[in-house]
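See structure below.
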Amino acid sequence: MMGKGATASAPGRDTTTIEVTLPGRSYPIDIGEGLVATAGERIAATLPGARCAVVTDANVAALYLAPLKESLEARGLFLGDAVVAPGEASKSFPVLARLSETLLKLGVERGDAVIALGGGVIGDLAGFASSILRRGVRLVQIPTTLLAQVDSSVGGKTGIDTPQGKNLIGTFHQPNLVLADIATLSTLSEREFRAGYAEVMKYGLLGDAPFFSWLEKHWQQVFSGEGPERLKAIDTSVRAKAAIVEADEREESGARALLNLGHTFGHALEAYAGYSDRLLHGEAIAIGMNLAFDFSVAQGLCPPEDEARVERHLAKVGLPSKIADIPGKAPTPGQLLRLMAQDKKVQGGKLALVLVRGIGQAFVERDVPPDTITAFLKKECGAD
Ligand code: NAD
Ligand code: GLY
């Protein structure tokens, strides 16, 4: 994956389009190769009259800003760009404030669009800025990490972090168009690709056991990118996410909460590790998903063989599965519990967890006794 260099080829024949159907807010997701270099054409056709300001990070700017800019300029659509520092720290109030002012200075008007070119950090930050700028302007997501292509660019969740926790400030603001150019994955590091793969696995684990079995057989081709498997894995993941978003756009009925499989544990671990290279978001989710399976087994809800399969697959692809896999000092159960209490699913002070009855059978448990979690975390943190 690394070192092949950025590509800005013409769109391949294999571009697929998935429609997210929502009342008054439907939008297409194009998945294929060469979509960055032809974005101007697609935007002109889908968002007539919209001029575009591009938000990206310094890493992605070096690779993909020039071909995107060229494509927008060819149609007279380019307003300017705003480049922020790479990393989770950019999902913050100070960066959001500076970015919002930059977008206003660039002259973004109501009918214009913000383009989020990058991974989930840029998608969440630029998505949030677009939702509050002039009380809401249009948004185009051009996700360039595997995680962003299969998860964060779809569904309209935007946000930033605060010292209290992750994504606690944000909005629902659906994009008007998503262009997932899978050629951009050729420049992603192995580690970032692997972290994004945790979210691909998630769709199998939460509701599609045959997809998980398929991943067990084909993960090597998904990683290598040779052959059609990578596109199939992304396509299947995006279809799963689109269907869940259509069923429960604002996470009210419970369907969308299933997308948080592994996230209550994962977000707490990520916060503990300081949102740093010590533990990437997708790696935290990998551990979190395995903990959700472990916890479900401990409650007699899930067959131990299913948990063993999940752990085996995580090990095969090189993802962490245990708290002990995080480099450095392990958190205490008390530290993790305090961080888990910031979860957005907490209601009336009660923690809710996404648990499983087996692979592909996730459900939301809204009444998890605190003592049970404490005992479980003591064991997992090696504190008993
Ligand atoms: P990221 O955006 O930080 O990207 C990871 C790294 O890869 C960065 O250093 C970036 O500069 C670099 N990069 C991006 N594309 C590249 C490319 N094509 N080639 C080379 N380098 C590239 O991280 P991420 O994993 O994409 O996203 C994580 C974020 O997504 C978290 O903040 C998480 O909360 C959020 N998220 C949001 C949702 C949602 O529904 N809104 C869902 C899942 C995750
Ligand atoms: N990634 C969780 C969601 O979109 O709901």
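Sequence positions, counted from 1, serve as the residue numbers for this chain. None of these values were measured; they are calculated from a predicted model. Both ligands and their constituent atoms are indexed starting at 1 by order of listing. Just the heavy atoms: all of them, side chains too, but no hydrogens, waters or symmetry mates, feed the values below.
Tyr272 and His267 have their aromatic ring centers separated by at least 6.0 angstrom. Taking the six-membered ring for Trp and the full ring otherwise, the centers of Phe223 and Phe193 sit less than 6.0 Å from each other.
Qualifying salt bridge (charged side-chain N to carboxylate O under 4.0 Å, His left out) partners for Arg194, counting only residues two or more places apart in sequence or in other chains: none.
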Expected list for residues 364-372: side-chain donor-acceptor pairs under 3.5 angstrom, two or more places apart:
| unit_1 | atom_1 | unit_2 | atom_2 | d |
| --- | --- | --- | --- | --- |
| Glu365 | OE2 | Asp367 | N | 3.1 |
| Asp367 | OD1 | Lys350 | NZ | 3.2 |
| Thr372 | OG1 | Pro369 | O | 3.4 |

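Residues in residues 127-153 take part in these salt bridge (charged side-chain N to carboxylate O under 4.0 Å, His left out) pairs, two or more places apart or across chains: Asp151-Lys202, Asp151-Lys241.
Under 4.0 Å from ligand 2, the heavy atoms of Lys241 that appear belong solely to its side chain. Only side-chain heavy atoms of Asp151 come within less than 4.0 Å of ligand 2; its backbone N, CA, C and O stay farther off.
Of all atoms in ligand 2, listed by their number and element, those nearer than 4.0 Å to a heavy atom of Lys157 are 2 (C), 3 (C), 4 (O), 5 (O). Applying the 4.0 Å criterion to heavy atoms of Leu259 picks out, from ligand 2, the atoms 2 (C), 3 (C), 4 (O), 5 (O).
Between Asp81 and Lys69 there is no salt bridge, since no side-chain nitrogen of the basic residue lies less than 4.0 Å from a carboxylate oxygen of the acidic one.
Below 3.5 Å of separation, one finds an N or O of Arg256 facing an N or O of ligand 2.
For the pair Thr264 (side chain) and Asn260 (backbone), a donor-acceptor distance under 3.5 Å is absent.
Near ligand 1, heavy-atom contacts under 4.0 Å come from Asp57, Asn59, Val60, Leu63, Tyr64, Pro86, Glu88, Lys91, Gly119, Gly120, Val121, Asp124, Thr144, Thr145, Leu147, Asp151, Ser152, Lys157, Lys166, Asn167, Thr184, Thr187, Leu188, Glu192, Lys241, His281.
For the 3.5 Å distance criterion, the side chains of Arg98 and Thr102 fail to qualify, holding no donor opposite an acceptor.
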